[in-house]
Amino acid sequence: MTAVAGTEFQAAVEQLAAAANERREIEPLTDTWPALDERTAYDLQGALVAKHIADERTRLIGWKLGLTSVAKQKQMSVDRPIYGALIAARAINDGEPVAISSLIHPKAEPEIAIVTNRELKGPGVTADQARAAIDSASAAIEIIDSRFKNFRFTFTDVIADNTSASRFAISTLRVPAAGLDLRTLGAVFEKNGEVVSTAAGAAILGDPAIGLAWLANAMAERGLSLPAGSVVMTGALTDAISVAPGDVVRVSLAQLGSLSIRFV
Ligand code: OOG
Ligand code: MG
């Protein structure tokens, strides 16, 4: 990396961290850095997450998939999945109130979270191997909050921004994966008691296990493996919805129970 590129890299990390910490929107990095490539974008993400972990004295607990459903890919005009990091300090509890004023322009997404029981190390991880590595599954809601104005970004911008990750809630009910077919798990997503969308687990690339295999293989491109005990949010099953103070969003998944978040 040249000295100029190194400065640009550090400036982008600082800008993204400040936008999140100060709750303000910024323009996409690619407006001024059009050549930003995928590899550098994941390096930016790694540096940004490391900064949040150091500043907040927290730790990495797992990973999140994004843009794994056709609904989300259409919503964001992107045709490939992405992944980001989950840090402990961003976890919230079932029913916990979330202040909209603490975020920029949050949206809520219904997801299936899983926990792994063995290391997955790509390349070449198959869906069957990934399925065997799923210990349990839980109902989850992700709150995304792009640091970019109006959620306008390119593929590499959103990767650098840790895939819009903000808060996440995972049900304490961890259902053993043995005997569960994640593909056919029905999902109902409600806002203020009204159904806004429905889906099944197969919305995630055909099977959340395919998503998990994709994650392990994508991480391998950066020399990373997915350790046993990782939490993985497998991606929004349906469109993300905007929320305002007073809204309650709820996801209910067959066999996994329900989980809700209240915005204040
Ligand atoms: C990117 C993050 C997408 C998901 O579950 O699909 C995501 C975005 O839409 O801002 O987390
Ligand atoms: Mg998500």
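Every number for a ligand or one of its atoms is a count from 1 in the order of the listing. Hydrogens, waters and symmetry mates play no part in the numbers below; they use all other heavy atoms, side chains included.
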N or O pair under 3.5 Å between Ser164 and ligand 1: yes
Part of Val158 with heavy atoms under 4.0 Å of ligand 1, whether side chain, backbone, both or neither: side chain
Over 12 non-hydrogen atoms of neighbours within 6.0 angstrom of CZ in Arg131: yes
Atoms in ligand 1 flagged as close to Gly235, the criterion being non-hydrogen separation under 4.0 Å: 5 (O)
Side chain, backbone, both or neither: the part of Lys107 lying under 4.0 Å from ligand 1 by heavy atom: neither
Sub-4.0 Å atoms of ligand 1 with respect to non-hydrogen atoms of Lys64: 2 (C), 7 (C), 11 (O)
Residue and atom name of the nearest protein heavy atom (relative to atom 6 (O) of ligand 1), distance in Å to one decimal: Leu67 N, 2.8 Å
Validation row: Leu29, Leu16 side chains within 4.5 angstrom (heavy atoms): yes
Per-atom contacts of ligand 1 with Glu109, taking only distances under 4.0 Å to non-hydrogen atoms: 3 (C), 4 (C), 5 (O), 6 (O), 7 (C), 11 (O)
Geometric class of the Tyr42/Tyr83 ring pair [parallel <30°, tilted 30-60°, perpendicular >60°]: parallel
Lys/Arg N to Asp/Glu carboxylate O, Glu109 vs Lys64, below 4.0 Å: no
Salt bridge flag under 4.0 Å for residues Arg90 and Glu56: yes
Part of Glu111 within contact of ligand 1 (heavy atoms, under 4.0 Å): side chain
Note: Glu27-Arg152 ion pair, threshold 4.0 Å (strictly below): yes
For ligand 1, the portion of Gln75 having any non-hydrogen atom under 4.0 Å away: neither
Shortest non-hydrogen contact between Ser166 and Asp145, atoms and distance: CB-CB, 3.6 Å
Atom 2 (C) of ligand 1 [closest protein heavy-atom partner, distance rounded to 0.1 Å]: Thr163 O, 3.2 Å
Interfacing atoms of ligand 1 (cut-off 4.0 Å, heavy-atom, Ile144): 8 (C), 9 (O), 10 (O), 11 (O)
Close N or O approach (Lys72, ligand 1; < 3.5 Å): yes
Donor-acceptor contact present, side-chain Thr116 to main-chain Ala133, <3.5 Å: no
Vertex the Mg ion (ligand 2), arms to Glu111 OE2 and Glu109 OE1, rounded to 10°: 90°
Closest approach to the Mg ion (ligand 2) by Glu142, given as the N, O or S atom name: OE1
Per-atom contacts, ligand 1 versus Phe153 - under 4.0 Å to a heavy atom: 8 (C), 10 (O)
Heavy-atom side-chain contact between Phe168 and Val231 under 4.5 Å: no
Any Ile104 side-chain heavy atom under 4.5 Å of Arg147 side chain: yes
Minimum side-chain heavy-atom gap Glu111-Val251 below 4.5 Å: no
Ligand 1 contact on Ala236 by region, counting heavy-atom pairs under 4.0 Å: both
Contacting atoms of ligand 1, where contact means under 4.0 angstrom from a heavy atom of Phe151: 10 (O)
Interatomic spacing from CG in Leu44 to CD in Glu8 - rounded to 0.5 Å: 9.0 Å
Numbered atoms of ligand 1 (with element) below 4.0 Å of Met76, judged on heavy atoms: 9 (O)
Contact with ligand 1 for Ala240, non-hydrogen, under 4.0 angstrom: no
